[in-house]
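Heads up, the thing below is written out as structure tokens.
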2 protein chains.
Amino acid sequence: MAAKGGGAQGKGPQWQAGSVPSLQQADSEPALSIERIVATAVELLDAEGVDGLKMRRLADRLGAGAMSLYWHVDNKEEVFDLALDSVLEYRGPPQGIEAADWRGAIFHMLEDWRASMLGHPWSASLLPRRALGPNILSRLELLGRILSGAGVAEADLNGAIWSLWNYVIGATITRANFDLSDDDMAAAQQRLAHLSEKYPTIERARLLLDNDWDGAFRKGLDFLLDGLVPRQ
Amino acid sequence: MAAKGGGAQGKGPQWQAGSVPSLQQADSEPALSIERIVATAVELLDAEGVDGLKMRRLADRLGAGAMSLYWHVDNKEEVFDLALDSVLEYRGPPQGIEAADWRGAIFHMLEDWRASMLGHPWSASLLPRRALGPNILSRLELLGRILSGAGVAEADLNGAIWSLWNYVIGATITRANFDLSDDDMAAAQQRLAHLSEKYPTIERARLLLDNDWDGAFRKGLDFLLDGLVPRQ
DNA sequence: GATTGACTCGTACAACGTACGATGCGATTT
DNA sequence: AAATCGCATCGTACGTTGTACGAGTCAATC
């Protein structure tokens with residue numbers, strides 16, 4: 001009887017944390033586990049980017065055979081899913097009371113979100129393809145709770161949550177994309193040099209060059225919040 | 001002397017349109033060309049998604065050998081770049097004068113942008129990884145021109161353009177992601193069913209279920225524009 | 001001691017991107 | 001007319017990838 005379908009039963013990632021330690025090769029490596037796999041996958045992704053994650057390489061880093069991974073994981077996609085969600089954990093606002101300063105709470109959470117993703121740029125390119133993990137859902141839940149407490153009407157809650165989510169995702173993806181490739185940008189400029197007179201406004205605004213990304217992010221967020229919850 | 005580096009010289013896509021027709025096999029297939037390759041790639045992407053685009057399959061559809069593609073294109077990545085940009089062409093507002101109704105002009109362009117991408121959902125997942133093509137730049141240029149005309153200060157232009165871009169990208173990617181997978185969503189619900197009490201707000205807002213995406217998009221855009229260019 | 005179930009891994013395979021070099025063909029040159 | 005050249009096509013082959021399959025190990029249970 002093969003192990004087929006035993007460990008990683010069912011479809012989709014198992015969003016779990018608790019598991020039995022139960023190490024059995026006490027000599028060197030601390031035995032395989034989803035946690036270790038995910039942690040190492042994140043390391044590898046940080047070091048080599050999305051294309052650098054290969055099952056064999058991941059197994060090597062873990063001191064295991066390639067096929068051993070498949071006991072804990074259905075396929076490579078699931079590794080991506082788990083790695084992505086693991087990076088998006090939110091530890092909550094520092095000390096501020098969210099009820100009192102809802103605006104601060106939102107800002108903190110969303111800026112932390114953005115920072116988390118920019119700290120692992122591969123996550124931005126992964127996000128569009130992947131499912132909602134529990135950490136993402138937690139953030140959305142928190143967002144909804146704060147907005148609701150801030151006075152957003154029930155009927156508008158959906159639109160408000162999505163608007164903020166959209167904005168954060170968009171800003172992060174854009175930033176991660178251009179951050180990864182400062183020379184790509186230069187190359188683009190080069191490549192389009194002879195067309196540059198077609199884009200005078202972009203040229204004038206130096207849109208592609210010097211940018212206060214963080215400031216722009218905050219400002220746009222401010223506008224959005226002003227619209228969602230008018231200052232009294 | 002091999003053809004190596006002859007046709008697709010240099011690095012990066014050639015953002016060109018004009019080319020000599022010059023068909024030489026007059027019998028059946030109208031000869032290979034970048035235009036034909038890109039058009040067929042888009043077809044294939046529409047039909048099979050990002051993972052469905054393989055060089056061999058693309059060549060088959062074109063009635064050509066796989067390696068023939070490489071005369072016109074450096075590698076598969078370039079096919080993605082070209083396909084993405086080709087989908088993002090903007091034909092301009094219908095009849096409205098952009099100077100008079102700048103708000104309408106912006107809305108039209110951005111909604112068209114979003115619609116273009118949703119019409120080819122693969123484009124949303126491709127965008128984070130790819131470079132700026134001329135069609136994207138044109139849209140940004142137009143956006144900047146309109147905003148500038150609407151009274152946005154030179155110093156704020158950058159932030160304003162990026163805010164809108166971010167919002168559109170984020171909204172589109174989110175929507176495309178969830179649209180692709182209505183059953184993924186159901187599966188996610190299922191998978192997280194036992195955790196559902198952890199997300200009461202999401203539950204209550206039915207965030208994952210019924211959504212007026214278009215309405216939410218417009219509303220958020222309104223808020224953003226109100227912030228960027230206060231109504232007098 | 002036999003059985004079971006959790007876990008590991010060596011081998012093998014099919015599919016993929018694409019390097020390489022041969023080939024064909026029209027236009028240009030001699 | 002013959003030779004040359006540049007554009008374009010494609011058959012073959014290689015290296016790399018994800019992963020199916022089944023054999024193997026070991027601890028716990030009966």
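Just so we're on the same page: letters track the sequence lines, and every chain starts at 1. No hydrogens, no waters, no symmetry mates; every other heavy atom, side chains included, goes into these values.
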Distances for protein N/O vs nucleotides 12-17 of chain D N/O pairs under 3.5 angstrom?
| unit_1 | atom_1 | unit_2 | atom_2 | d |
| --- | --- | --- | --- | --- |
| D:dT17 | OP1 | A:K54 | NZ | 2.8 |

For atom [atom1] of [X] and atom [atom2] of [N], their distance in whole Å:
X	N	atom1	atom2	answer
A:L32	D:dC26	CG	C1'	16 Å
A:Y70	C:dG10	OH	P	15 Å
B:D74	C:dA19	CG	C1'	13 Å
A:D51	C:dC16	CG	P	17 Å
A:W71	D:dT25	CH2	P	17 Å
B:D60	D:dC10	CG	P	11 Å
B:N75	C:dC16	CG	C1'	14 Å
A:E77	D:dG18	CD	P	11 Å

- For C:dT8, take OP1 and OP2 only and decide whether either is under 4.0 Å from a side-chain N or O of A:H72.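 Yes, within the criterion.
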- Check whether any side-chain nitrogen or oxygen of A:S68 sits under 4.0 Å from OP1 or OP2 of C:dC9, and answer yes or no.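 Yes.
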- Message: Which residues pass the salt bridge (charged side-chain N to carboxylate O under 4.0 Å, His left out) test with B:D214, not counting sequence neighbours?
- Response: B:R114, B:R175
- With a 3.5 Å cut-off and no angle check, do the side chains of B:W162 and A:T174 form a donor-acceptor pair? no
- Touch check for B:A66, heavy atoms < 4.0 angstrom, all strands: base, sugar-phosphate only, or nothing?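 It contacts nothing in the nucleic acid.
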- Using a 4.0 Å heavy-atom cut-off across all strands, classify B:A64 as base, sugar-phosphate, or nothing.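 Sugar-phosphate contact only - B:A64 comes under 4.0 Å of backbone atoms but never of a base.
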Sequence neighbours excluded, which residues qualify as side chain to side chain donor-acceptor pair (under 3.5 Å) partners of [X]?
X	result
A:W113	none
A:E111	A:R218
A:T201	B:E141
B:E43	B:R61

- Query: Any donor and acceptor pair, going by atom type alone, linking the side chain of B:S68 with main-chain N or O of B:A64 inside 3.5 Å?
  - Reply: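 It does not hold such a pair.
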